[in-house]
Amino acid sequence: METIATNEKIKLTPKDFAPEADVKWCPGCGDYSILKQVQTIFPDLGVPKENFVFISGIGCSSRFTYYMDTYGMHSIHGRAAAIASGVKAANPELSVWVISGDGDSLSIGGNHFIHLMRKNFDINYLMFNNQIYSLTKGQYSPTSEKGKITKTSPYGSIEEPFNSIELALSAKASFVARTLDRDPKHMQSILKKAHAHKGTSFVEVYQNCPVFNDGAFFAFSDKETKNEEAIRLEHGKPLLFGNNDEKGIKLDGLTPVIVNLQEQNISVDDLWIHDENDKTKAIFISRFFDTTFNDVAFPRPFGVIYSQERPVYEEILSAQIEALNASKGRMSLDRILSGEKTWTIL
Amino acid sequence: MEASERGIKKSVSIKEMDQVVVRFAGDSGDGMQLTGMQFTDTAAWFGNDLSTFPDFPSEIRAPIGTVAGVSGFQINFGSTEIYTPGDKYDVLVAMNAAALKVDLPRLKKGGVIIANIQGFDHKNLSLAKYPEGIDPLEGSITDNYIVHKVDITRLTKECLADQGLGVKEVERSKNMFVLGLLFWMFDKPLDYTLSFIKEKFGKKPEIANANAKALQAGWNYGENTEIFVTQYKVAAAKLPAGTYRNITGNHATAIGLIAASEKSGLPLFLGSYPITPATDILQELSKYKADGVKTFQAEDEIAGICSAIGASYAGHLAVTTTSGPGMSLKTEALGLATMLEQPLVVIDVQRGGPSTGLPTKTEQADLLMAMHGRHGEAPVIVMAASSPSDCFETVFEACKLSVEHMTPVIFLSDGYIANGSEPWKFPKASEVRNIMVSFLDRPNGEDGSLQPYKRNENLVRPWIKPGTKGLVHRIGGLEKQDGTGNVCYEPANHETMIRLRAEKVKKIADNLPLAQPETGNTNAKLLVLGWGSTYGAIKTAVKELLTEGYDIAHVHLRYINPFPRNLGELLNGFDKVLIPEMNCGQLLQLIRAKYLVPATGFSKVQGMPFTTVEMKEKILKTLKSA
Ligand SMILES: Cc1ncc(C[n+]2csc(CCOP(=O)(O)OP(=O)(O)O)c2C)c(N)n1
Ligand code: SF4
Ligand SMILES: [Mg+2]
């Protein structure tokens, strides 16, 4: 999302965004990295400090609000999106950030989540996905993989997980991205883009919970596996991955295929070029998740998967108010009190 | 028609009446609500005092002709003060057999039935489940009434024969014929409705014409046929001088909110999800966009209240509207607003519960939920409106207390007063009080620090808007340290904060008006203590019994939490206290628990308001009991 900077020179540093309160996440928690990256990029966003507002739900992730020296409300489980909508509708000047977990967003808050995407307030939505309910000490979540052993699924979860990216796209999110805690630089660039995007920016952050779901995403960050298991998307660049970028993805009709550039003698120019603005392709990319194509599993995409400018809720609202005000004029309170039909008793 | 053809002016007797109750009843598609409203507006315009009661089924269009599809509109109008829509009616308009079946039981003996005979054909009689061969308009069922059988459908068709209109349009004008006939019966002018028709169908002159013609034809029918020989005259009421409008409770609520917004200088935000009978407020406020009112139709009631909490945090006058089922959904968020100590007005237009219950019928059974329906110790202000026009003053006061005391307020209305209407001597804008709001703009701690939960003499914390320079801080649902508002789990602090939040609400009573009798003396033998929409029935019953010489009084509560500070003392002045409620005794519980007075309850939970007669009977019985 974007907020107009004031004329005032703001020379803030990451430290300006760290309050005195102790941060109380477990040692090694991925949430620390997210906090650090947010505090790192904030001084450069050109937003006066007092215009940042964090709204979070409930969960380890949602404690984030207390650890940012900005305005903020740590609210109730699942409802941050709805509260943030009211904040933004009331004051479009504010830079509103929602912090939520996979359970907070997709279980209890699922309804608010999809409607926020659809309504497209200019809000940044960070969902810390650790594929577990952490604050309640380790139950499976709507993003936990099938078969997951947790305290409430001792014999394995029998539920199909959500693909959050696909869900956000289907709910008409105007900006959809994925990043992870163990790649600070990538996260910073995604956060900046999310901020720059005007509209609801949904960012799924893969976050390690060392206590209840350790290593859930290590395949995407460990040196030995990350180049095979993950693919970095960049607008206008071909879909390349592998240790030496020797692999690429092509669209064969309506089926994505993985090719080996050298072995199959295929030029980079023939590959799928990532176009953030193409929703159809974005939906394909979102499905590089647990879907296989011709029995082939695809690397997990990271980066901006989809981004499309479209009018934002609070601006349409203000424009409608202004237009009506100009055409109809404000009614005086006396006129409102009297209504259209009155009679007088002498 | 017959008489005029013969050119003879028939003789009509004129009957003067103090008040008359008319019930319009027909199929949901017969336009009875509109007819009733037009009749109401004309009576109001003419200067009658009045009270109305629209009574419709929850199905939009139940199968035509069935009992389930009957829609009624009742009006009590008079030359005296009117507080209720009336127990029983003098005139019943029955557009079909089902309408007669549903509404005949409450027609006064000797009352008038105007029946649309095409609605009483074989098919309609069987749809209404009258036994085969029984025509209720003939014989014992309607023996005790004056029955006017009018072929409204045919007469409307005839008068519109040359208008080139389709069958449907002609059908739809039937209600105008009825209205015209009623205007003749009650000697009311057609002008008001004629101008309404012109306005409403301005763009469709042929429809406007047809409606006007049908209206006039109905009037002529009364004037010229031999069937109708009596006209009733109800003189204008001696209401206090001033300018009036007719208003429903929901509309009064909507403009009360607008007035509070204007008088506080705070923009109005309504987060809401449609639900009967509260939807009207959302719909009405949605019309005021040009005036800057922001209405947000949320995805559910939880989002409704949560968006309002967000808007309140950002500095708006924030409101959420709902009815019982939605109220249940809002409870967790209401607890958050209580914990945050953030202004918020929650409007519950009660209906019959539990669950979906009686969605279009009235009840007062959400009182204990309003008082206690949150987890933890979470007191909020609870207020109730007593009549349609009182919704204005009460919701305005709710907004004022909410923003001035940084607390959620629950405003209780109900289906009866929400849809019912009465004349309202509305105030001038300049007569409406101001609401004092200030936002903190600098640190408030003695040492120059920010203390978001530091309290003033009323124990009220400051309202701090995000965007205010130098006051960056966090709030949340976790327990807070006294003063700083920082998260704090210390046992003693938790108790301190619970008591502070409760004391803040309790202290509001210091500045509230004292309770005093509406009518009767403070040391009467019996007090009738009411709250909310029972006002009209209690007021009428007590007034009548006072003139009959009984020693009773009526006190009506607008504030239920906190109660007026003299209430206990006041209650002790009466020998007996009777509490009528449309629930199983909820205020009764609160009063007995708090004041230890041996009050007795009078409860009715039928989705229908109390009648004056049953109220009087109960009062007399209670007076006579040992
Ligand atoms: C209404 C309600 N239901 C349940 C809870 C308990 N609860 C708190 S956090 C949580 C799940 C959190 O999971 P997630 O959103 O993934 O956040 P994480 O702790 O993993 O960051 C639950 C079930 C609650 N606080 N409120
Ligand atoms: S439980 Fe997991 S998610 Fe929560 S703070 Fe500890 S490591 Fe982080
Ligand atoms: Mg989680």
Side-chain angles (χ1 to χ4, degrees), chain A residues 19 21 48-56 58 65-66 68-91 93-94 111-112 114-115 317 320-321 323-334 336-346, chain B residues 41 44-45 47 236 239-247 255 258-259 262 267 269 271 288-292 294 296 298-300 302-303 306-316 318 332-333 336 340 426-429 432 465-478 486-487:
Chain A
K49 176 169 159 162
E50 61 274 11
N51 278 6
F52 285 113
V53 183
F54 279 80
I55 308 287
S56 58
I58 297 292
T65 295
Y66 289 119
M68 283 297 296
D69 196 25
T70 62
Y71 281 98
M73 186 196 297
H74 175 239
S75 71
I76 45 178
H77 201 21
R79 318 300 173 197
I83 295 172
S85 304
V87 172
K88 191 70 183 177
N91 186 355
E93 297 289 306
L94 300 170
N111 196 27
H112 311 309
I114 54 174
H115 287 277
L317 176 66
Q320 209 176 36
I321 290 174
L324 283 164
N325 198 300
S327 64
K328 289 173 74 174
R330 233 188 137 90
M331 225 190 270
S332 73
L333 182 56
D334 274 314
I336 294 171
L337 288 168
S338 75
E340 283 172 14
K341 305 267 161 68
T342 63
W343 67 93
T344 301
I345 291 174
L346 301 169
Chain B
D41 283 352
W45 187 52
L239 294 173
T243 306
Y244 287 75
R245 68 180 288 186
N246 192 49
I247 197 147
I255 65 177
I258 294 175
E262 181 135 340
F269 179 93
Y288 290 93
K289 222 165 209 174
D291 306 275
K294 291 175 187 163
F296 181 68
E299 56 270 21
D300 59 24
I302 300 173
C306 284
S307 60
I309 290 172
S312 161
Y313 179 49
H316 277 34
E332 188 197 9
L336 172 67
L340 297 175
F426 56 90
K428 288 205 186 67
V432 181
K465 276 191 287 194
T468 312
K469 210 173 154 66
L471 302 186
V472 157
H473 69 290
R474 272 74 44 206
I475 58 176
L478 288 170
N486 294 333
V487 175

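Proteins get letters first, then strands, A, B, ... in listed order; numbering begins at 1 in each. Values in this document were obtained by computation on a predicted structure and should not be read as measured data.
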Test item: [X] and [Y] side chains (from C-beta on) under 4.5 Å apart, heavy atoms:
{"X": "B:Phe426", "Y": "B:Ile247", "value": "no"}
{"X": "B:Leu471", "Y": "B:Lys465", "value": "no"}
{"X": "B:Asp291", "Y": "A:Lys328", "value": "no"}
{"X": "B:Phe269", "Y": "B:Ser307", "value": "yes"}
{"X": "B:Asn246", "Y": "A:Trp343", "value": "yes"}
{"X": "A:Asp69", "Y": "B:Arg474", "value": "yes"}

Between chain A and each of [options], count heavy-atom pairs under 4.5 Å; write down the option with the most.
{"options": "B:Lys289, B:Glu299, B:His316", "value": "B:Glu299"}
{"options": "B:Ala241, B:Ala314, B:Gly470", "value": "B:Ala241"}
{"options": "B:Asn486, B:Ile255, B:Thr468", "value": "B:Thr468"}
{"options": "B:Ala333, B:Pro267, B:Pro466, B:Ala318", "value": "B:Pro466"}
{"options": "B:Ala303, B:Gly476, B:Gly467, B:Ala311", "value": "B:Gly467"}
{"options": "B:Ser312, B:Ala298, B:Ala44", "value": "B:Ala44"}

Check: At a heavy-atom separation under 4.5 Å, does A:Ala84 approach chain B through its side chain, its backbone, both, or neither?
Finding: neither
Next item on the list: Go through the atoms of A:Leu337 and report whether side chain, backbone, both or neither lie under 4.5 Å from a heavy atom of chain B.
Entry: both
Next item on the list: Report, as yes or no, whether the 6.0 Å neighbourhood of atom NZ on A:Lys341 holds more than 12 heavy atoms from other residues, nucleotides or ligands.
Entry: yes
Among the options [options], pick out the one with the most heavy-atom pairs lying under 4.5 Å from chain B.
{"options": "A:Thr65, A:Asn91, A:Asn111", "answer": "A:Asn111"}
{"options": "A:Asn325, A:Ile76, A:Ile114", "answer": "A:Ile76"}
{"options": "A:Ile83, A:Thr342, A:Thr344", "answer": "A:Ile83"}
{"options": "A:Ile58, A:Leu333, A:Ile55", "answer": "A:Leu333"}

Check: Does any heavy atom of chain A fall under 4.5 Å from the side chain of B:Ala308, the backbone, both, or neither of them?
Finding: neither
Notebook entry, point to check: Which answer fits B:Tyr313, side chain, backbone, both or neither, if we ask what part of it has an atom under 4.5 Å from a heavy atom of chain A?
Noted result: side chain
Notebook entry, point to check: Looking at CD1 of B:Ile309 and CE of A:Met73, how far apart are the two atoms once the value is rounded to the nearest 0.5 Å?
Noted result: 7.0 Å
Next item on the list: Please list, chain by chain and in numerical order, all residues satisfying side chain to side chain donor-acceptor pair (under 3.5 Å) with B:Glu332, sequence neighbours excluded.
Entry: none
